[in-house]
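Report on the following structure.
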Amino acid sequence: MSVPDTVLTNDDLSAIVDTSDEWIRSRTGIRERRIASDKETTATLGLKAAQRALEVADILPVELDMIIVATSTPENIFPSTASLIQSWLGANKAGAFDLSAACSGFVYAVDMATQAIRTGRIQKALVIGSETMTRVLDWSDRGTCILFGDGAGAVVLEASPVEGGVLSAVLRSDGSGSDLLGIPTVGSYDMAPNETLPDVHRMSKMHMNGGEVFKFATRVIGESINQALDLAGLTIKDLSLIVPHQANLRIIAAAARGLKVEENLFFVNLDRYGNTSAASIPIALVEAIQQGRIKENDHIAFVGFGGGLTWASMVVKWGAPKPEDRTKALNRQRREAIYAFAFWRGRLLRLSRQINNLIKRIRPEQGRMERLRRRVDRQDFK
Ligand code: ACO
């Protein structure tokens with residue numbers, strides 16, 4: 001995982017909008033969140049998380065077959081954030097794409113990678129959830145700006161002869177709730193002929209109907225976890241941990257009541273990071289592992305919900321191969337060398353294209369004269 005260093009507390013927020021630490025903590029459970037610096041973006045946070053995931057899995061970037069970035073705050077419409085990260089990692093054998101399913105995006109992306117591995121088409125995939133939500137917030141709307149933060153988390157998935165890993169997944173969407181939560185941008189309708197271009201800055205701000213989203217979330221969490229458990233042939237009693245999307249402590253408490261389980265079956269770290277959208281589940285997963293809450297062969301569940309509306313649950317039998325310590329130091333050096341090579345390769349390719357363009361601009365007439373001379377030589381005057 002990778003989160004920015006800068007912490008924005010509830011007290012800091014109360015200097016920006018009419019709110020208080022007491023209101024935010026009692027209504028959401030959030031105490032503070034991380035804010036990206038000017039130099040940090042969805043891609044740079046995602047890259048750091050990806051490099052750490054490769055380190056933990058002890059594999060080389062060139063071994064990756066697929067990179068998926070789940071995000072609602074991409075660098076561009078295209079090129080994808082995943083393609084940028086692919087090139088910075090030097091993962092030159094990987095396909096790369098972004099996946100848009102808001103806060104359910106990470107669970108969707110893990111399922112896509114799992115399916116590709118299960119068919120035998122690919123062996124290794126990198127799945128990243130990365131967001132810079134604070135760049136798309138309306139800082140005058142106290143109902144939304146207090147909820148979100150920035151960060152990234154990543155996992156490596158690989159084919160294994162050992163039974164386990166992702167046992168089941170339930171992915172759902174109800175686009176009739178598209179008005180309840182969104183980040184509109186200048187889209188195909190706005191760009192149609194005769195349409196006047198909307199105010200881009202206003203268009204990229206998040207809007208949300210908090211009450212309706214709250215009701216939707218509490219309904220779908222329990223329902224979809226039970227569906228995923230059914231598919232895996234398990235019951236809620238088999239789960240040792242649920243890693244939910246970190247939106248609001250009251251949503252998690254209501255879901256626990258609905259499932260008739262103790263609240264501490266749900267892992268919670270939203271108090272320190274707020275809602276980091278597609279990044280919240282992988283960040284929570286990393287901290288759950290660090291705190292010893294997930295052990296080999298445990299059955300755990302992920303559940304995400306958010307804009308679209310979308311929601312998704314997944315049951316996983318946890319198992320991570322332990323790399324040989326012997327290979328670690330050598331592989332670390334190899335990874336560093338690949339990152340350095342990828343960095344300079346990208347820079348040099350872009351520089352050479354810039355120089356080429358410059359030369360073409362300086363000598364356009366020469367190019368035309370050259371073509372004319374060749375046509376004269378061929379006596380081609382048609
Ligand atoms: N500080 C102080 N007062 C506030 C604040 C604030 N930050 N925000 C709202 N209020 C006020 C309201 O103006 C309202 O005042 P009024 O009664 O005088 O009109 C009062 O507090 C109650 O407002 P509600 O909106 O009813 O408050 P609620 O208890 O529903 O909490 C919240 C609002 C926290 C947004 C809640 O609805 C929620 O968490 N909803 C789910 C949101 C969510 O998780 N979204 C993300 C989904 S994931 C994704 O895809 C992005």
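Atoms within a ligand are numbered from 1 in the order they appear, just like the ligands themselves.
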Show me the side-chain donor-acceptor pairs of residues 260-269 shorter than 3.5 Å, one per line, residues at least two apart or across chains.
{"from": "Asn269", "atom 1": "ND2", "to": "Glu287", "atom 2": "OE1", "distance (Å)": "3.1"}

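- Around ligand 1 you find Asp18, Thr19, Trp23, Arg27, Thr28, Ala102, Cys103, Arg142, Gly143, Ile146, Phe148, Leu181, Met208, Gly210, Gly211, Val213, Phe214, His245, Ala247, Asn248, Arg250, Ile251, Asn275, Phe305, Gly306, Gly307, each with a heavy-atom distance below 4.0 Å.
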Taking only distance into account, with no hydrogens and no angle test, what donor-acceptor pairs under 3.5 Å do side-chain atoms of residues 339-359 form with protein atoms, sequence neighbours excluded?
{"from": "Ser352", "atom 1": "OG", "to": "Leu349", "atom 2": "O", "distance (Å)": "3.0"}
{"from": "Asn357", "atom 1": "ND2", "to": "Arg353", "atom 2": "O", "distance (Å)": "3.4"}

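- A distance of 4.5 Å separates CG of Asn275 from CZ of Phe148, quoted to the nearest 0.5 Å.
- By the 4.0 Å N-to-carboxylate-O rule, Glu32 lies too far from Arg272 to be salt-bridged with it.
- Of the possible donor and acceptor atoms, one in the side chain of Arg52 sits under 3.5 Å from a partner among the backbone N and O of Met1.
- With sequence neighbours excluded, no residue forms a side-chain contact (heavy atoms from CB on, under 4.5 Å) with Asp179.
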